[in-house]
Colleague: 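First, the structure itself, so that you have it in front of you.
Lettering follows sequence order; numbering is per chain, from 1.
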Amino acid sequence: MFAITVVLAIPFGSYIAKVYAGDKTLLDPVFNPLDKLLYKVSGIDEKREMNWKQHMFALLTINVVWFLLGIFVLMNQSWLPLNPDANPDQTADLAFNTSISFIVNCNLQHYSGESGVSYLSQLFLMFLQFVSAGTGMAAAAIVFIALKNRTTEKLGNFWALLVKSCTRILLPLSILVGSILAFNGIPMTFEGKDTIVNMQGDTVQVSTGPVAGFVAIKHLGTNGGGFYGTNSAHPLENPNYFTNMLEMFSQMIIPLAMIFSFGYFLKRKKFGWMVFGVMTAGFLLLVVPTMVWEINGNPALGKMGVDISSGVMEGKEVRFGSATSAFWSIATTVISTGSVNSMHDSTMPLSGMTQLLAMMTNAFYGGCGAGILNFFIFIILAVFISGLMVGRTPELFGKKIEAREMKIAMIVALLHPLMILAGTALAAAFPGITSANLNNPGFHGFSEMLYEYTSSAANNGSGFEGLGDNNPWWNITTGIVLILSRYLPIIGPVAIAGLLAKKKFVPESAGTLPTDSATFGVMVLAVIVIIAALSFFPALTLGPIAEYFSMK
Amino acid sequence: MKTNILPAIRLTVATLVLFCVVYPAIVWAIAQLAPNNGKGEVVVSGGKKYYANVGQQFTDDKYFNSRPSAVDYNAAGSAGSNKGPSNPEYLQTVQTRLDTLLVHNPGVNKEDVPVELVTASGSGLDPDISPAGARVQAARIAKVRGVSENTVADLIEKHTQGPLLGIFGPSHVNVLKLNLALDQIK
């Protein structure tokens with residue numbers, strides 16, 4: 001399964017590299033006219049090259065437009081069309097949180113899809129799932145362009161990169177995946193809730209809607225926001241093991257392909273493999289123990305005498321089982337998708353810890369585009385540290401890394417722990433406001449708060465969903481964390497790449513530290529582990545680790 | 001900034017049309033060819049319509065019981081319990097469920113009760129139980145319905161869905177389909 005995804009990601013990565021380089025591809029006859037039409041309607045000159053600052057202004061401007069439009073739609077959905085279930089408007093704080101969390105590719109949902117949004121809002125959120133993923137990929141493409149071996153300020157056109165990411169990469173795959181999902185029993189209809197009488201005579205309602213199209217892009221764009229409240233655990237969002245595999249494939253394909261396209265684009269395939277190797281090592285370190293813990297079951301239930309051989313089943317679906325759900329829980333947290341097919345709140349304490357760590361490192365695969373950007377920061381740090389260790393001027397791809405780039409990299413690397421730990425500390429400091437929202441007592445309750453801020457800062461969007469998070473405290477604080485943790489980690493790497501692009505190119509010589517070797521890979525992994533361990537170990541001790549020992 | 005605002009607004013409108021109208025329309029059109037015109041898989045029995053993939057509440061002794069649910073199987077919403085593994089209140093709930101199950105199924109050892117029968121699912125709408133979870137209820141069903149245990153066991157066997165392609169995923173039994181078949185024997 002994982003192997004198939006990797007095998008398909010390699011040619012797809014080459015396709016992505018061609019799209020950004022403007023080379024010919026098979027799909028040109030369809031997409032050249034479509035893209036031209038979009039540029040024409042929007043009054044965009046796609047040939048106008050931008051420097052990194054112009055790129056960032058364009059990115060932020062269009063994100064503000066989406067944000068305002070999002071607030072408007074969510075706060076007026078009750079009277080706008082396509083609301084067959086007569087769902088009410090969102091409150092201002094919830095609309096603020098929802099709109100932000102969808103433009104930043106996080107999809108932290110403080111509402112339930114069945115009752116909190118109309119179909120029009122769902123369609124609008126689906127639009128944001130396309131363009132937010134496209135934004136991340138466009139930002140990664142700017143970095144790709146900047147790191148080519150030359151000296152320039154011209155880094156392509158932002159609008160063109162954004163449009164191409166959406167139309168040429170996300171759209172065709174979404175149509176394909178969405179159609180397959182619809183054929184597997186996932187609804188794609190605009191009718192409202194259906195009322196049926198159960199075999200035992202209970203009258204219940206069944207929520208349907210345009211689910212298949214939504215589920216396709218939520219995974220391909222690593223957004224993760226569910227159509228239904230329980231996301232991909234819902235039997236109409238993920239009805240069988242085949243759809244589960246397809247959805248898993250969909251969320252991994254673009255992050256994996258982006259790694260290889262990095263290598264293809266720079267004509268440094270070996271470098272792409274180094275990145276892939278480090279990320280896969282990190283992923284396996286997290287996923288293997290999690291699967292073991294979940295398969296072994298909850299010892300507290302084992303003590304009651306029931307048969308726990310099927311593993312931890314609280315919050316899990318029988319058709320997926322404990323092993324598959326454990327695998328998914330780590331895949332979705334390393335990739336920043338944040339879709340879930342089991343309830344993370346009910347997993348074992350140490351599994352909760354690995355899920356948290358996956359988001360705290362935030363660099364193994366990562367989201368569409370954003371993953372590469374986060375990893376780029378760690379590469380800069382590793383180049384600098386290893387440069388100091390061997391006493392050479394640190395350089396990456398023939399460009400010297402100097403104080404200014406290092407300052408930016410450090411700010412971005414430290415912002416992530418700051419957001420998570422300061423947020424959690426604030427929430428813990430005001431128990432009068434926050435403790436009533438917790439679903440579980442003791443250490444686990446602390447983990448719920450820690451998870452919420454970690455998920456926000458990593459732009460992940462999954463949750464320990466027991467937390468009652470639809471109130472002003474959580475909507476506003478996580479909203480602020482979301483904004484800072486999305487845009488600074490995009491601006492930082494693009495700025496570094498833009499500054500590097502302007503510098504003189506120094507050809508590689510015997511004195512250059514090779515960045516595509518296994519040794520350098522180990523160095524990057526070490527930097528990631530040290531930063532994560534030192535920043536987060538104390539907080540993890542108070543939450544999952546304490547809970548683990550209390551269960552002994 | 002000014003140079004960006006107009007293109008940003010115009011591009012937003014253009015892509016809104018593409019991703020909010022054209023894209024869902026394409027998937028919707030393709031879905032019309034899917035079973036039940038893309039409205040989800042349904043089972044019709046005795047003139048009544050059920051959603052095959054959406055679990056139903058079964059608490060009667062004459063039916064195979066479904067798993068506990070945080071939303072009582074009302075698919076207007078969906079939710080898991082989100083109880084942590086060490087929560088004392090939660091452990092008490094599970095103990096109560098186990099005791100109730102043992103009262104309704106005399107002769108069953110608690111070691112034979114698979115854990116999913118006493119724990120709530122992620123969606124609250126889980127349509128399945130494991131084959132072991134069905135077998136443990138077989139004696140009760142046979143007694144209440146006055147049929148042989150072998151008949152019930154055969155029925156479970158027949159409705160067990162093995163792993164995908166024989167290797168991927170656990171075996172499971174759709175409770176709704178099993179109970180519909182159960183109502184048909186006589």
Colleague: What part of B:Ile129 lies closer than 4.5 angstrom to a heavy atom of chain A: side chain, backbone, both or neither?
Modeller: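 The backbone, not the side chain.
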
Colleague: Counting only non-hydrogen atoms closer than 4.5 Å, does A:Leu467 touch chain B with its backbone (N, CA, C, O), its side chain (CB onward), both, or neither?
Modeller: neither

Colleague: Can you check whether A:Asp307 reaches B:Glu111 side chain to side chain, under 4.5 Å on heavy atoms?
Modeller: no

Colleague: What part of A:Ser115 is in contact with chain B, defined as an atom under 4.5 angstrom from a non-hydrogen atom: side chain, backbone, both or neither?
Modeller: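 Answer is neither: A:Ser115 stays 4.5 Å or more from chain B.
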
Colleague: Which salt bridge (charged side-chain N to carboxylate O under 4.0 Å, His left out) pairs, counting each pair once, include a residue from residues 59-76 of chain B, with sequence neighbours left out?
Modeller: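 As it turns out, the salt bridge (charged side-chain N to carboxylate O under 4.0 Å, His left out) pairs with a partner in residues 59-76 of chain B, which skip direct neighbours, are B:Asp61-B:Arg140, B:Arg67-B:Asp126.
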
Colleague: Please classify the contact between A:Pro299 and chain B as side chain, backbone, both or neither, with a heavy-atom cut-off of under 4.5 Å.
Modeller: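 Contact with chain B involves no heavy atom of A:Pro299 at all.
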
Colleague: Less than 4.5 Å to any heavy atom of chain A: does that hold for the side chain of B:Lys83, its backbone, both, or neither?
Modeller: both

Colleague: Does atom CZ of A:Phe549 have more than 12 heavy-atom neighbours from other groups under 6.0 Å away?
Modeller: no

Colleague: Apply side chain to side chain contact (heavy atoms under 4.5 Å, CB included) to A:Met304 and B:Val94, showing your working.
Modeller: CA-CA 9 Å; A:Met304 289 179 197; B:Val94 174; 3.8 Å; yes

Colleague: Please check if the number of heavy atoms outside A:Tyr241 that lie under 6.0 Å from its OH is greater than 12.
Modeller: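 Correct, the count exceeds 12.
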
Colleague: I want to know whether A:Phe227 and A:His234 have ring centres closer than 6.0 Å.
Modeller: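 Between A:His234 and A:Phe227, which both carry aromatic rings, the centre distance is not below 6.0 Å.
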
Colleague: Spell out, as yes or no, whether a donor-acceptor pair under 3.5 Å connects the side chain of A:Ser174 to the backbone of A:Ala216.
Modeller: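 Such a contact is absent between A:Ser174 side chain and A:Ala216 backbone.
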
Colleague: Please classify the contact between A:Ile175 and chain B as side chain, backbone, both or neither, with a heavy-atom cut-off of under 4.5 Å.
Modeller: both

Colleague: Evaluate the side-chain proximity of B:Asn74 to A:Gln205: yes if any heavy-atom separation is below 4.5 Å, no if none is.
Modeller: yes

Colleague: Please identify, among B:Pro35, B:Ser86, B:Ala14, the residue contributing the most non-hydrogen atom pairs under 4.5 Å to chain A.
Modeller: B:Ser86

Colleague: Taking every non-hydrogen pair under 4.5 Å, which of B:Tyr23, B:Tyr90, B:Tyr63 racks up the most with chain A?
Modeller: B:Tyr23

Colleague: Report which part of A:Val65 has an atom under 4.5 Å of a heavy atom belonging to chain B: side chain, backbone, both, or neither.
Modeller: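 Just the side chain, heavy atoms under 4.5 Å.
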
Colleague: Taking side chain as everything from C-beta outward and backbone as N, CA, C, O, which of these in B:Ile30 sits under 4.5 Å from a heavy atom of chain A? Side chain, backbone, both or neither.
Modeller: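 B:Ile30 touches chain A through backbone and side-chain heavy atoms alike.
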
Colleague: Flag the pair A:Val312 / A:Thr347 as yes when at least one side-chain heavy-atom distance between them is below 4.5 Å, and no otherwise.
Modeller: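 Answer no - side chains too far apart.
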
Colleague: Could you give the distance from CG (A:Asn198) to CZ (B:Phe58), rounded to the nearest 0.5 Å?
Modeller: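 With rounding to 0.5 Å, CG (A:Asn198) is 6.5 Å from CZ (B:Phe58).
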
Colleague: Side chain, backbone, both or neither: which part of B:Leu117 has a heavy atom under 4.5 Å from chain A?
Modeller: neither

Colleague: Check each atom of B:Pro163 against the heavy atoms of chain A and say whether the ones under 4.5 Å are side chain, backbone, both or neither.
Modeller: neither

Colleague: Please test A:Trp159 against A:Ile62 for side chain to side chain contact (heavy atoms under 4.5 Å, CB included), starting from the C-alpha separation and ending with a verdict.
Modeller: CA-CA 10 Å; A:Trp159 307 118; A:Ile62 198 164; 3.7 Å; yes

Colleague: Heavy-atom distance under 4.5 Å to chain B: side chain of A:Met126, backbone, both or neither?
Modeller: side chain

Colleague: I'd like to know which of B:Ala31, B:Pro68, B:Gly169 tops the heavy-atom pair count under 4.5 Å against chain A.
Modeller: B:Gly169

Colleague: Most heavy-atom pairs under 4.5 angstrom with chain A, which of B:Val113, B:Asp112, B:Ile9?
Modeller: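 The answer is B:Val113.
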
Colleague: Counting only heavy atoms closer than 4.5 Å, note whether B:Ser45 contacts chain A via side chain, backbone, both or neither.
Modeller: neither

Colleague: Determine which pairs satisfy salt bridge (charged side-chain N to carboxylate O under 4.0 Å, His left out) with at least one residue from residues 191-215 of chain A, sequence neighbours left out, and list them in order.
Modeller: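 Output for this query lists A:Asp85-A:Lys193, A:Glu191-B:Lys39, A:Asp194-B:Lys49.
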
Colleague: With a strict 4.5 Å heavy-atom criterion, list every residue of residues 150-161 of chain B that contacts chain A, or say none.
Modeller: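 Against chain A, none of the residues of residues 150-161 of chain B fall inside the cut-off of heavy atoms under 4.5 Å.
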
Colleague: Answer with side chain, backbone, both or neither: which region of B:Leu180 has an atom nearer than 4.5 Å to a non-hydrogen atom of chain A?
Modeller: both

Colleague: Using ring centroids (six-membered ring only for Trp), state whether A:Phe124 and A:Phe127 fall under 6.0 Å.
Modeller: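 Yes, close enough.
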
Colleague: Under 4.5 Å from any heavy atom of chain B, what part of A:Phe130 do you find: side chain, backbone, both or neither?
Modeller: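 The side chain, not the backbone.
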
Colleague: Side chain, backbone, both or neither: which part of A:Leu236 has a non-hydrogen atom closer than 4.5 Å to chain B?
Modeller: side chain

Colleague: Under 4.5 Å heavy-atom distance to chain B, tell me which part of A:Glu547 shows up: side chain, backbone, both or neither.
Modeller: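 The side chain, not the backbone.
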
Colleague: Select one option (side chain, backbone, both, neither) describing which atoms of B:Leu91 are under 4.5 Å from chain A's heavy atoms.
Modeller: both

Colleague: How far apart are the closest heavy atoms of B:Leu176 and A:Met199, and which atoms are they?
Modeller: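 Here B:Leu176 and A:Met199 meet closest at CD1-SD, 3.7 Å.
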
Colleague: How close do A:Lys316 and A:Ser322 get, counting heavy atoms only, and between which atoms?
Modeller: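 Closest pair (atom of A:Lys316, atom of A:Ser322, distance): CD-CA, 3.7 Å.
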
Colleague: With a 4.5 angstrom heavy-atom cut-off, could you sort out which part of A:Ser342 is near chain B: side chain, backbone, both or neither?
Modeller: neither

Colleague: Quick check on the interface: out of B:Gly80, B:Gly84, B:Ala132, B:Gly133, who has the most heavy-atom pairs with chain A under 4.5 Å?
Modeller: B:Gly84

Colleague: Using the test side-chain hydrogen bond (donor to acceptor under 3.5 Å, both in side chains), find all partners of A:Asn157 that sit at least two apart in sequence or belong to another chain.
Modeller: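 With neighbours one apart ignored, the set is empty.
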
Colleague: Chain A: which of B:Val173, B:Thr15, B:Val21, B:Val42 shares the most heavy-atom pairs with it under 4.5 Å?
Modeller: B:Thr15

Colleague: List the atom of A:Arg319, the atom of B:Pro127, and the distance in Å for their closest heavy-atom pair.
Modeller: NH1-CD, 3.6 Å

Colleague: With a 4.5 angstrom heavy-atom cut-off, which part of A:Asn298 approaches chain B: side chain, backbone, both or neither?
Modeller: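 It is the side chain, since no backbone atom gets that close.
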
Colleague: Is it the backbone or the side chain of A:Lys40 that comes under 4.5 Å from a heavy atom of chain B, or both, or neither?
Modeller: backbone

